[in-house]
Amino acid sequence: MARQELGRSFGWLWSAFTASTVGTWLGFGAFPLIAIQVLHVGPAAVSTLAAAGLAVGALLALPLGPWVDGRRKKPVMIVTDLVRFGALLTIPAAYFADRLTYTQLLVVSVTSAAANIAFTAAGGAYLRRLVRPDQLLVANGRFESTTWTATAVGPTLGGVAITLLGPAVTVIANAVGFLLSALGIGAIREKEAGSERVRAERLRASDLVKGWTFIHADRRLRPLFWNTVAVNALIMATEPLLAVLLLDDLGWEAWQYGLAFGLPCVGGFLGAQAAPRLEARYGRRRVLITSGVLRALWPVGLFFVMPGYAGMVLVVVVELVLITCMGVFNPLFATERLQRVPAERVGRVLVAWKVTSTGAIAALTALWGALAAATDARIAIGVAGVLLLATPLLLPREDDQEKGKGKVGDQPRATEPEASALTTRV
C-alpha cells in the first residue's frame, strides 16, 4: 500500500500530536507514583485522585461541545495545550519546594481532564478540514501508530528517569510536550475555512444533550458508544490498582513497571498498520467487531500476576495481545464514528462521548478503589477482568450489518464530504 501524503498542515498537526503524546507517556504513572512514594497514600486515595479529577473535569467540560462548535478550533487547541502546560508545571515546582499536597494533585488532575476534553472536541473538528475523505483511515492509522510507539518507549524511559531523578522530572517532560504541541499547532498557516462566519451563540440547556441525542439516534454509533464506554472504564479503573499491586504489594521497581507496560505497545503499532489492510480484505464492520471482541478477553489474566520475572512476562504477554487488538480496533472505530457525524455537530458529539467515557472511568475508578480497600487490589482487578468478558455483547450484532458489509465503499451519514479523526481513543 503506497504511502499517502496528507499535506504540510497535517504534518504540523501530526508533529504537535507526537510531541504531546510522547510527553504524556514519558509521564505515565507519575501521579500515582507521586501519591504513593511522596505523599504515602493508600489505594483508596490513589483511586480517588484519578476518579475525582476525571469526574469534576468531565462536569466542567459539559458545556464545551456547543461552545467549541461556535468558535475557531485552532485557538481553542492552542489555549488548552497551554493550560495543561501551566497546570502540570505547578507539580514539580511544589515538589522541589517541598510544598506538594494531595489537594494540588487533585486540582491539576481536574484542570487537565477538562482541557483534554476541550482539545479533543476542537481537534476532531479542525482535522476534518485538513484531510480528504479517502485519507481518513490513513490519518487515523498514523495517529494510532504514533500513540503506541510513544507508549512503547515513553513508560520505559520515564520509569528509568523516575528511578534516577524522581517522579517530578517526568511531569516536566509531560508539560513540555503540551508546550511543543501548542507551538506546532500555531505553525499551521492554512486558514481555517469559514472562520470569518464563526460566531458564538447563547448556550441553551437543550444544546447540552444534542450530542447524546445524535449518538442514540444512530443505530451504528449507539452500540459502539456503550461498548467503548464500558471497555475503557473497566480497563482504566484498574490502572491505579495495578500500580498499587505491582509497585507496592509485589515490590516492583519503577523501571520494571514502565517496561512491562511499554514493551507490549509494539503490538499497538503493528495493529494500527494492519488495520487498513484488514479493512480492505474483510470489511470494516467485520474487523471492527472481531477486534472489539478479542480486546475484551485478555485483561482477566492480570489477576494471576506474581512476583519476579515470571510476573513481568505474564503482564507483557497479556498487554501485548490486548494492545494489538486495540491497535486494530481504534483507528477503524474513530473512522466509523467521525464519518457519521455532520461537521456542525462534531464538537457536541465528541464532548458527549468524552464526557460519558470520562465520567464512567471516574465512577468505576472510585468504585474499584473502594472494592480494593474492602478486599485487595488483586481481587478488584480480577472482578474488572471478568466483567470485561461480557462487553462484546454491547457491540453491533453481525446481522445488524447485513445491509452493509462494512467495505470501504460503504457510505457514512455525514452531511459533508470531509471526514476526520484526531483522537482514536475515547
Worksheet item: Looking only at heavy atoms, which two atoms of Ser181 and Asp81 are closest? And how far apart?
Response: OG-OD2, 2.6 Å
Item to complete: Please lay out, stage by stage, how Trp368 and Val383 fare under the test side chain to side chain contact (heavy atoms under 4.5 Å, CB included).
Response: CA-CA 9 Å; Trp368 256 250; Val383 171; 3.9 Å; yes
Worksheet item: Where is the tightest heavy-atom contact between Leu234 and Thr238, given as atom of each residue plus distance?
Response: O-CG2, 3.5 Å
Worksheet item: Is there side-chain contact between Lys354 and Asn116, with heavy atoms separated by less than 4.5 Å?
Response: yes
Worksheet item: So, Gln339 and Arg284: side-chain donor and acceptor under 3.5 Å apart, yes or no?
Response: yes
Discussion item. When you measure from the side chain of Tyr95 to the backbone of Val38, do you find a donor-acceptor pair of N or O atoms at a distance under 3.5 Å?
Written reply: no
Discussion item. How about CZ on Arg222, more than 12 heavy atoms from neighbouring residues, nucleotides or ligands closer than 6.0 Å, or not?
Written reply: yes
Worksheet entry | Aromatic plane relationship, Phe10 with Trp14 - under 30° parallel, 30 to 60° tilted, over 60° perpendicular | tilted
Discussion item. Walk me through whether Asn330 and Trp148 qualify under side chain to side chain contact (heavy atoms under 4.5 Å, CB included).
Written reply: CA-CA 11 Å; Asn330 287 340; Trp148 291 116; 4.2 Å; yes
Worksheet item: Do the side-chain N and O atoms of Thr356 and Trp212 include a donor-acceptor pair separated by under 3.5 angstrom?
Response: yes
Worksheet item: Is there a side-chain contact between Leu278 and Arg286 (heavy atoms, below 4.5 Å)?
Response: no
Response to the item:
Taking every heavy atom of Leu247 against every heavy atom of Glu253, the minimum-distance pair comes out as CD2-O, 4.1 Å
Fill in: With sequence neighbours excluded, residues passing side-chain contact (heavy atoms from CB on, under 4.5 Å) with Trp298
Val318, Val321, Leu322, Cys325
Discussion item. Does any part of the side chain of Leu288, heavy atoms only, come nearer than 4.5 Å to the side chain of Leu224, both counted from C-beta?
Written reply: yes
Worksheet item: How far does CG of Leu241 sit from OG1 of Thr365, to the nearest 0.5 angstrom?
Response: 8.0 Å
Worksheet entry | Any donor-acceptor pair under 3.5 Å from Ser109 side chain to Leu105 backbone | no
